[in-house]
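Presented below is the structure to which this report refers.
Atoms within a ligand are numbered from 1 in the order they appear, just like the ligands themselves.
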Amino acid sequence: MKKKATLKDKLIRYRDAGLPIIYINTYEEDKTDQIISAVFGSPLKIEEWNSASGLCDFKFKNPYNTANFKPEALEDTLRNLIKKGILDRTILVLKDVSAYLKESAVIALLKQIASKISSGKVEDCMVIIVSPVLVIPPELEKYITVVNQDYMEFDEIKKVIVNFLTANESKPVSDELIEQIAIALKGLTEYEIENILALAWSTNGDLTKKDLQFVFEQKQQMIMKSGVLEMVPLNEDINSIGGLENLKDWLRRKAKIFNNINKAAEYGVGMPKGVLIAGVPGCGKSLTAKAAATLFEVPLLKLDMGRLMGKYVGESESNMRRAIELADAISPCVLWIDELEKAFAGIGNSNGSEVTTRLFGTFLTWMQEKNTPSFVIATANDITKLPPELLRKGRFDEIFYVGLPNESERKKIFEVHIKKKRPTDFSNIDIVKLVSKTNGYSGADIEGVVRDGIENSFCDDMDHLTTEYIIKAIDGTTSLSEIMKDDLSNMADEYKKRNLKNASR
Ligand code: ATP
């Protein structure tokens, strides 16, 4: 497997290429300082500006200007550095500046510095912005290169846990538990890992199997804070899906590979990449993503495309890279991209913006080259809106089409939902009758009529659920096929034309 470039590797590359502004998106300032020192230390001078000290010495953070006990404003610092012409052989590290990157004077001064660096008017100079918040003013976009913090490798996480246990004079903890905690902590930074361990420890002064759930919940919070991914709780399994037998069989085979990845690789089997599931709304696409993660025995990460599209130029791409890096760091995992067509619709035609086109490029390259066990499940309603490059072989392992459930599938879906809520009543319900009355209903419609039937039965003080209650609910529901009549038949034609695999048998 190709070794991932670290933050240090990237900084060395950018230094050698003479890039003007590097934006390190991180809140691990101490660790970043160490890396900056290692890459840029002598003979270059490193200066820092932060909001507490103003311009200061990078190593000890001692302010240069102590007059009035007020830190020098960023704008004044930048102006002075340009005026005095003392930027040569200087690395200028800026911290706490996200709010200032909205000020026109600061933007203009940074642009001046960047342009001097790019044109060679100052030598060996670079501005490094270190911030957990990404703000890229459009005026500076072409000068800024964004780089994200490093995620820790599995062995490094184990080392942090062992060091933590030693420092806290812990009683011996089994290697197995250390491994399990390390797996649960994948995808977090050293700072986050140390925080979670300290919190887990503080509850009862040790680290036991019981803390695993706590670690998992904390990680869920931290992933959420990253703003680009969400960790979805796994409450569904493959038996929660009624029908879609072809798709389920296919997933079972992929799960076998995924769960025996080393053995499969030795045998010559490639790493599964992912699947695109497209088709009719409410027919089990999202449900399948959730059930697949349970089947693969890995966490489910949901990529929210709406949140990914940032307000600032360059932010969306950086968010996409962060999401991808985070998914790779957490892997093995299932990465679920919902409503794919919303993110990449209009690429290649006049409706597609430059941002989406670039975002799409980042995603395609990752799909093409990815060799980590992060299995992508992309779901979409309308495949015709997706760019053709995405549908080419090599991106997804397979593309499935999900249509309205057929007779035997409707039977299974009724069974799933009645058994889930009223298991003891199931044998008394006339499923055949319900199936015959629900031609054209989606899985979500069927779930809805079962739910309504149960609710009404309860409100009428009935001891048991009866077939009639569900039939009443069916009579009061307009099926999806009626609501989306023309759309559904157009969709079916499109899928047939493209020869997509049917998820149903
Ligand atoms: P959308 O495109 O609107 O997001 P979807 O295809 O992703 O729709 P789901 O969210 O998977 O639809 O389905 C909605 C709900 O309908 C599910 O939570 C589930 O309860 C029920 N459902 C849909 N299809 C099935 C099915 N095949 N088996 C069991 N339940 C189903």
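- Assignment of A289 to the shell around ligand 1 is not supported, since no heavy atom sits closer than 4.0 Å.
- Taking a 4.0 Å cut-off on heavy atoms, E409 fails to register as neighbouring ligand 1.
- At least one donor-acceptor pair under 3.5 Å links the side chain of T26 to the backbone N or O of E28.
- With salt bridges taken as basic N to acidic carboxylate O contacts below 4.0 Å, none links E415 and K412.
- Geometrically, K219 does not engage F216 in a cation-pi contact, judged by NZ or CZ lying under 6.0 Å from the ring centre and within 45° of the ring axis.
- Taking a 4.0 Å cut-off on heavy atoms, C283 registers as neighbouring ligand 1.
- Every heavy atom of T379 sits 4.0 Å or more from the atoms of ligand 1.
- Ranking the protein heavy atoms by distance from atom 1 (P) of ligand 1 puts G282 N, 3.7 Å first.
- Taking distance alone, with nitrogen or oxygen atoms compared against 3.5 Å, I241 stays at or beyond that limit from ligand 1.
- In P281, the parts holding a heavy atom less than 4.0 Å from any atom of ligand 1 are both the side chain and the backbone.
- Heavy atoms of H417 found under 4.0 angstrom from ligand 1 belong exclusively to the side chain.
- The protein heavy-atom contact nearest to atom 29 (C) of ligand 1 is S240 O, 3.3 Å.
- The 12-atom threshold is exceeded at NZ of K10, counting heavy atoms of other residues, nucleotides or ligands nearer than 6.0 Å.
- Nearest to atom 31 (C) of ligand 1 by heavy atom, out of L404, L287, V402, is L287.
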